[in-house]
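Working notes for the structure below.
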Amino acid sequence: MSAFFVMVSNYFNYRDLSREEIGNLLSRGRENLLLDKYARLYSEKNTRFLHDMILQDIILVQKLVQKAPPFSEREQVLEILSNDIKKIRQELNAYDPILSPRVSLNNNYYGLIKDLEDRYQNCGILIDFTCSEDFFVPGPYDRFLYKTLYELVSNLFKHGKGDYVEIHLEENQKEIHLSMTNYGDYLEEGAGRSTGLKLLDFETKRLDGVFRVEEGREGEEKYLAFYVNVPIKKERIYEDYVNRRS
């Protein structure tokens, strides 16, 4: 239905096409929607398994250890279990973010960055996050940005070599602009993108956006910059509204 909505709203772009060509476009649109739905359902299946089986089993083990008679490695085991529970919950929320309606998107994103700092014990990296307090984008863009920040900041703590990072987020003329610049960082020769960044590239393209990575130099200092630019489209908002209620 959303593919048809797009075609109608852009009728004059397609008025010179034959009926067969228009039919092919609609068919491809339906195929893309089916593929997206399949991917989403498959991911949801794995997510439910991770939550209902793995996470619940770890929580049960944690409770059993807490009730068990004292043993020499008890505190160490409890710390590992607690950290694993927190990591799994963060991963689950990164897949399908639940944003708090009680605070601004700015605070949701800032809270995510602080949670990741705690998870990776900061590693001595100072992060300067700039975003207007009244920043707002509707779904699916609000959740996309949460996932994007999760992947970028996680990648930073796992692989970054700098010690100062600037993250800037804004919406201007119906386009989202997100940048992260890591001063002192650089790409190692032969290094490829991590799985998380490949997924981020895919998700950005699905929203008709662009994700790019650039190396640069400011004076004597190298830096590694990540840029995400995504247009805000009414048909995407409509499609997300329908999908979230289906």
Side-chain angles (χ1 to χ4, degrees), residues 1-52 89-109 111-112 131-132 134-152 169-178 196 198-211 228-246:
M1 181 167 60
S2 60
F4 180 75
F5 175 83
V6 174
M7 294 301 181
V8 171
S9 65
N10 292 285
Y11 164 76
F12 289 103
N13 292 330
Y14 303 97
R15 60 183 176 181
D16 295 327
L17 297 178
S18 68
R19 180 171 298 187
E20 181 181 356
E21 289 171 322
I22 292 175
N24 289 336
L25 284 171
L26 288 171
S27 295
R28 285 203 295 271
R30 283 192 290 269
E31 288 172 5
N32 289 336
L33 287 174
L34 287 172
L35 288 172
D36 286 347
K37 187 171 184 179
Y38 172 81
R40 187 169 66 251
L41 289 173
Y42 188 79
S43 296
E44 288 174 359
K45 175 178 177 290
N46 290 333
T47 300
R48 283 197 300 271
F49 174 77
L50 186 60
H51 179 272
D52 296 343
R89 283 176 171 163
Q90 285 178 337
E91 288 290 336
L92 290 171
N93 198 46
Y95 164 69
D96 189 14
I98 300 175
L99 304 175
S100 173
R102 296 190 297 273
V103 299
S104 65
L105 285 179
N106 177 317
N107 285 330
N108 272 284
Y109 299 148
L112 168 64
C131 176
S132 172
D134 59 0
F135 175 85
F136 175 79
V137 289
Y141 302 102
D142 53 354
R143 301 188 306 279
F144 165 76
L145 285 172
Y146 190 98
K147 296 179 185 180
T148 299
L149 285 168
Y150 180 87
E151 293 298 346
L152 289 177
L169 174 60
E170 67 174 353
E171 182 271 327
N172 185 28
Q173 296 183 345
K174 299 299 180 182
E175 185 161 307
I176 297 167
H177 302 280
L178 173 65
K198 289 178 182 177
L199 287 171
L200 173 55
D201 187 29
F202 175 76
E203 287 290 333
T204 304
K205 288 177 179 176
R206 285 183 70 246
L207 293 176
D208 303 315
V210 177
F211 170 58
V228 177
N229 297 319
V230 175
I232 298 176
K233 297 186 176 182
K234 289 182 180 179
E235 57 265 29
R236 289 287 184 182
I237 299 170
Y238 170 79
E239 181 180 322
D240 181 70
Y241 177 83
V242 172
N243 288 339
R244 301 292 285 185
R245 283 154 182 78
S246 61

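Nothing fancy with the numbering, it's 1 onward along the sequence.
Looking at residues two or more places apart in sequence or on another chain, you find a side chain to side chain donor-acceptor pair (under 3.5 Å) between Tyr150 and Glu91, Arg119. Evaluation of the side chain to side chain contact (heavy atoms under 4.5 Å, CB included) rule for Val210 yields no partner, not counting sequence neighbours. For Asp134, the side chain to side chain donor-acceptor pair (under 3.5 Å) test picks out Ser132, with sequence neighbours left out. Ser104 meets the side chain to side chain contact (heavy atoms under 4.5 Å, CB included) test with Asn106, Asn107, Glu133; sequence neighbours excluded. For Leu199, the side chain to side chain contact (heavy atoms under 4.5 Å, CB included) partners two or more places apart in sequence, or in a different chain, are Thr195. Contacts of Asp240 classified as side chain to side chain donor-acceptor pair (under 3.5 Å), with partners at least two apart in sequence or in another chain: Arg143. Residues that satisfy the side chain to side chain contact (heavy atoms under 4.5 Å, CB included) test with Asn108, not counting sequence neighbours, are Leu99, Ser100, Val103. Taking the side chain to side chain donor-acceptor pair (under 3.5 Å) definition, one finds that Glu203 meets it with Arg206, sequence neighbours left out.
The minimum heavy-atom distance linking Thr204 with Asn229 is given by the pair CG2-O, 4.4 Å. Shortest non-hydrogen contact noted between Lys147 and Pro97 is CE-CD, 3.8 Å. When every heavy atom of Gly209 is checked against every heavy atom of Pro231, the shortest pair comes out as CA-CD, 4.0 Å.
In this structure, Tyr141 OH and Glu175 CD are separated by 10.5 Å, a value rounded to the nearest 0.5 Å. Here Tyr109 contributes atom OH and Leu169 contributes atom CG; the two are 7.0 Å apart, rounded to the nearest 0.5 Å.
Remark: of the listed residues Val228, Val230, Ile176, Ile176 is the sole one forming a side-chain contact (heavy atoms from CB on, under 4.5 Å) with Leu145.
With hydrogens and angles ignored, the 3.5 Å screen pairs no side-chain donor or acceptor of Tyr146 with any backbone N or O of Leu105.
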